[in-house]
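Remember, it's 1-based here, ligands and their atoms both numbered in the order they're listed. The basis for the numbers below is simple: all heavy atoms, side chains too, and nothing from hydrogens, waters or symmetry mates.
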Amino acid sequence: MSDCVFCKIVEGQIPSTKVHENGLTLAFMDIGQVNPGHVLVAVKPHVENIYGLDDALAAAVFQTATRVARAVKKVFAPEGVTLFQANGPAAGQTVYHFHLHIVPRYDKDGMHLTWPAKNPPREQLEANAAKLRVVLE
Ligand code: AMP
Ligand code: ZN
């Protein structure tokens with residue numbers, strides 16, 4: 001995709017600060033740095049979001065993320081690490097090339113995800129799980 005910023009990074013057409021690279025993924029520093037050591041793991045091919053990942057890309061991205069998370073823990077010794085991944089504007093996606101954030105976390109670091117749990121009755125869980133099982137078969 002000629003107008004995709006992460007494709008340009010993968011192809012070396014615009015600068016990035018690389019952390020790790022293999023055949024299917026590229027890990028580089030997020031330019032915004034919520035905390036020091038905030039890394040993005042992107043797939044190399046242009047895939048817009050999670051729905052377009054094949055099994056090999058899905059596996060590769062999580063393998064790289066796991067390695068980077070361990071490195072972040074070793075180097076920055078954060079109090080925690082959050083993985084964040086957005087698909088679509090309602091989910092907060094701003095760059096439409098699949099990537100996963102690895103964010104070192106600290107108490108009161110200002111990063112918030114509100115989690116409005118609805119705690120529905122078991123019957124509702126069962127009904128919705130049944131719908132998903134049909135599609136997953
Ligand atoms: P999102 O799509 O919400 O997961 O966020 C996209 C992320 O990409 C943001 O955290 C940006 O700071 C980051 N970003 C955008 N452009 C660049 C760039 N040229 N180099 C590194 N990170 C970038
Ligand atoms: Zn792209």
For ligand 1, is there an atom lying under 4.0 Å from some heavy atom of [X]?
| X | value |
| --- | --- |
| Ser16 | no |
| Met29 | yes |
| Thr17 | no |
| Phe6 | yes |

Q) Hey, what's the angle at the Zn ion (ligand 2) spanning ND1 (His97) and SG (Cys4), nearest 10 degrees? A) 100°
Minimum-distance pair of heavy atoms, taken over all atoms of [X] and [Y]:
| X | Y | value |
| --- | --- | --- |
| Ala65 | Val41 | CA-CG2, 4.1 Å |
| Ala91 | Ala86 | O-CB, 3.4 Å |
| Val95 | Val5 | CG1-CG1, 3.8 Å |

Q: Could you grab the distance from atom CG of Asn22 to atom CD of Gln63, nearest 0.5 Å is fine?
A: 8.5 Å
Q: To the nearest 0.5 Å, tell me how far Leu100 CG sits from Ile50 CD1.
A: 8.5 Å
Q. What do you reckon, is CZ of Arg105 surrounded by more than 12 foreign heavy atoms closer than 6.0 Å?
A.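 Above 12, so yes.
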Q. Got a sec: does the CZ of Phe62 have more than 12 other heavy atoms crowding it under 6.0 Å?
A. no
(Q) Out of all atoms in ligand 1, which are within 4.0 Å of some heavy atom of His101? Include the element for each. (A)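 Those qualifying, in numeric order: 1 (P), 4 (O), 5 (O), 7 (C), 10 (O).
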(Q) Closer than 4.0 Å to some heavy atom of Gly92 - which atoms of ligand 1 meet that? (A) 1 (P), 3 (O)
Q: Starting from atom 20 (N) of ligand 1, find the nearest protein heavy-atom neighbour and note its residue, name and distance.
A: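 Sorting protein heavy atoms by distance from atom 20 (N) of ligand 1 puts Ile9 CD1, 3.7 Å first.
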Q: Look at atom 9 (C) of ligand 1 and say which protein heavy atom is nearest, naming residue and atom and giving the distance to 0.1 Å.
A: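 Scanning the protein heavy atoms, the shortest distance from atom 9 (C) of ligand 1 goes to Asp30 OD2, 3.4 Å.
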Q. What do you reckon, does Ile31 have a nitrogen or oxygen under 3.5 Å from a nitrogen or oxygen of ligand 1?
A. yes
Q. Backbone, side chain, both or neither: what part of His99 comes under 4.0 angstrom of ligand 1, heavy atoms only?
A.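 Side chain only.
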Q: Evaluate the side-chain proximity of Met29 to Val39: yes if any heavy-atom separation is below 4.5 Å, no if none is.
A: yes
**Q.** Best match, Val5, Thr94, Leu100: closest heavy atom to atom 5 (O) of ligand 1
**A.** Thr94
Q) Which option out of Val39, Val103, Val95 puts a heavy atom nearest to atom 15 (C) of ligand 1? A)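 Heavy atom nearest to atom 15 (C) of ligand 1 belongs to Val95.
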Q: For the Zn ion (ligand 2), find the closest N/O/S atom belonging to His46 and write down its atom name.
A: ND1
Q. Taking the inter-plane angle between the rings of His38 and His101 on a 0 to 90° scale, is it parallel (under 30°), tilted (30 to 60°) or perpendicular (over 60°)?
A. tilted
